[in-house]
Amino acid sequence: MLNITTFLDANSCRLDKDVLYCPQRNMKYNSSEILSIVSEIGRNLKDKGIKKGERVLIYLDNSPEYLFSLFAIWRIGAIAIPTNRILTAPELKYMIEDSEAKLIITDINAKDTINELDIDYYITEDCDKFKECEVLAAEETNWDDLCQLQYTSGTTGKPKGSMLTHGNWFTAIHNSCDVLTLKENDVFLGIYPMAHVGISWGISALRAGALYIMMEFFEINEYLELCEKESVTVLTGMPPVIHTLTTLNDAKEKLTTVREIVSGGGPLHKEIWKKFYRNYKIPIINAYGLSETIVIGTGTVIRPEDYVSADRFESVGHPVCFSELKIVDVNDSNKILEQYEQGEVALRGPAIAKGYWNMPEATKEVFLEDGWFLTGDIGYIDEDGRLFITDRKKDMIVMSGWKIYPTEVEETLIRYENVKEIAIFSLEHEHRGEIPVAAVVWEDKEDKEGLINFARENLARYKVPREIYTIDELPRVNGWKLLRRELKEMYSKK
């Protein structure tokens with residue numbers, strides 16, 4: 001038997017300390033209280049008729065209730081479908097119909113949305129009253145039993161449900177604890193959305209018995225105040241957050257207890273990474289993984305000990321435990337490429353999803369029979385076995401036969417002093433097929449001419465953006481993953 005929630009049972013027996021803190025509500029929970037709350041929610045779900053293997057959506061804001069509901073679904077052997085609260089009724093309806101979900105967990109504020117859906121629901125209540133409820137025994141589940149459908153963000157086509165198992169999550173939790181060297185005396189500050197597999201970092205902190213501080217809503221000043229007040233040792237970030245920290249003059253004194261910060265969800269431009277490390281001397285755990293691998297479950301990472309040789313500030317590091325890595329030809333996955341040759345990144349390991357729910361053809365395309373998973377990312381491996389991600393396979397721009405990788409161009413142009421954020425994407429062109437263009441968030445005043453001149457001085461001519469658009473904010477999923485497709489749709493109409 002392997003039900004991953006049984007780590008809650010173990011921790012409740014050996015730990016007598018708070019392990020979860022929600023500062024917005026000033027609520028704290030120890031391991032026994034979490035186990036009791038999870039048990040009671042699980043019991044309520046069973047009373048609603050939910051059986052092992054049935055699908056349950058979670059439609060809540062970031063909150064303790066979200067985490068407890070996720071554990072409760074796993075506890076009873078059902079399959080969780082985490083969804084983001086910003087989703088609309090039609091978007092939820094697609095997931096409900098695709099997964100044949102039986103129930104949706106939500107709160108009273110979402111009743112109007114839920115009323116548009118043909119599905120039973122469970123309204124979460126004040127969890128404090130469940131703190132001393134009787135423990136519910138974990139359902140017997142095996143390594144390969146599904147516990148989650150993680151729907152992709154839908155940046156291309158309909159969202160796909162990655163089929164994640166108890167074994168996948170066991171591996172992911174193990175590797176996150178290992179990578180962060182989490183201990184009981186650690187204080188972990190988490191900012192990742194509950195609906196994202198990035199929550200695996202927070203769950204790993206709970207597994208290690210550390211104090212997991214959960215921010216329901218990210219705000220930079222509160223983020224820094226919590227770091228100082230709670231003596232945070234392990235901090236989560238993402239490229240926009242790390243960039244913001246490089247622009248602040250008074251943040252250093254608030255981060256004195258932080259020994260490492262996690263970055264993920266998108267490429268961290270090397271100039272920002274380098275500046276952050278020089279300013280703070282805090283190693284960035286630059287992790288690489290996907291929803292299909294539960295981030296670091298089967299993936300790669302830069303660790304603090306890598307900083308001796310991380311002078312280029314570009315790599316996402318070496319494979320973590322149990323992971324295998326190779327680069328294959330984008331048109332022939334049987335052809336393995338040599339060092340420094342760019343191709344598609346392929347991963348293999350025990351955290352790789354079983355495939356996509358109800359999508360056998362899409363599954364066959366990327367989940368190969370020998371266990372390798374084709375990530376859709378472009379990269380290369382250096383002589384030390386370190387992985388470098390250069391772009392997304394689908395984001396590659398082909399102009400008159402020339403191949404242009406947007407991230408490479410962004411890495412160069414972000415160095416221009418007046419550029420705060422930049423995204424390179426393609427627009428259709430009658431003569432050249434595609435052309436590269438840029439959307440720019442400026443630090444101060446707009447300076448298109450200066451940026452073009454800088455590009456011409458630092459890039460091959462075919463890589464220079466043909467147009468520059470000024471934008472107030474780049475479109476991202478949850479403020480995280482860049483949505484190039486949305487930019488293409490926005491500016492192709494102009």
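Reckoned from all heavy atoms, side chains included, excluding hydrogens, waters and symmetry mates.
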Q. Hey, does the Lys NZ or Arg CZ of R348 hover above the aromatic six-ring of F373, less than 6.0 Å from the centre and inside 45° of the axis?
A. no
Q: Tell me whether the guanidinium CZ or amine NZ of K160 lies under 6.0 angstrom from the six-membered ring centre of Y356 and within 45° of its axis.
A: yes
Do side-chain atoms of [X] reach the backbone of [Y] as a donor and acceptor pair under 3.5 angstrom?
X	Y	value
D384	R386	no
Y192	G237	yes
N30	E33	yes
K463	I404	no
W74	C147	yes
D178	H174	no
S323	G349	no
E228	A251	no
Y94	P159	yes
K252	N249	no

Side chain proximity check, [X] to [Y], heavy atoms < 4.5 angstrom:
X	Y	answer
D107	R85	yes
F454	N418	no
L70	Q148	yes

**Q.** Sequence neighbours excluded - side-chain hydrogen bond (donor to acceptor under 3.5 Å, both in side chains) pairs with any residue from residues 230-241
**A.** D186-T233
Q. For R278, does the CZ atom sit with more than 12 other heavy atoms under 6.0 Å from it, leaving out its own atoms?
A.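 No, CZ of R278 has 12 or fewer neighbouring heavy atoms, counting only those of other groups under 6.0 Å.
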Q: Please check if the distance between the ring centroids of Y307 and Y277 is under 6.0 Å.
A: yes
**Q.** Inter-residue atom distance E222.CD - K229.NZ, 0.5 Å rounding
**A.**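 The NZ atom of K229 is 9.5 Å from CD of E222, to the nearest 0.5 Å.
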Go through the side-chain N and O atoms of [X] and [Y] and say whether any donor and acceptor fall under 3.5 Å apart.
X	Y	answer
S176	R207	no
E434	S426	yes
T390	Q342	yes

**Q.** Set of salt bridge (Lys or Arg N to Asp or Glu O under 4.0 Å) partners for R484, sequence neighbours left out
**A.** D395, E410
Q: Return the set of residues passing salt bridge (Lys or Arg N to Asp or Glu O under 4.0 Å) with K393 (not counting sequence neighbours), or none when no residue passes.
A: E344
**Q.** Residue from F71, Y212, F130, F68 passing ring pair (Phe, Tyr, Trp, His ring centres under 6.0 Å) with Y29
**A.** F68
Q | E271 bridged to K275 by N-O distance under 4.0 Å | A |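 Salt bridge: no.
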Q) How far apart are the C-alpha atoms of I397 and V409, what are their side-chain angles, what is the distance that settles it, and do they pass the side chain to side chain contact (heavy atoms under 4.5 Å, CB included) test? A) CA-CA 11 Å; I397 302 167; V409 179; over 6 Å; no
Q: Show the numbers, then the answer: is there a side chain to side chain donor-acceptor pair (under 3.5 Å) between T470 and E446?
A: CA-CA 7 Å; T470 295; E446 181 181 291; 2.7 Å; yes
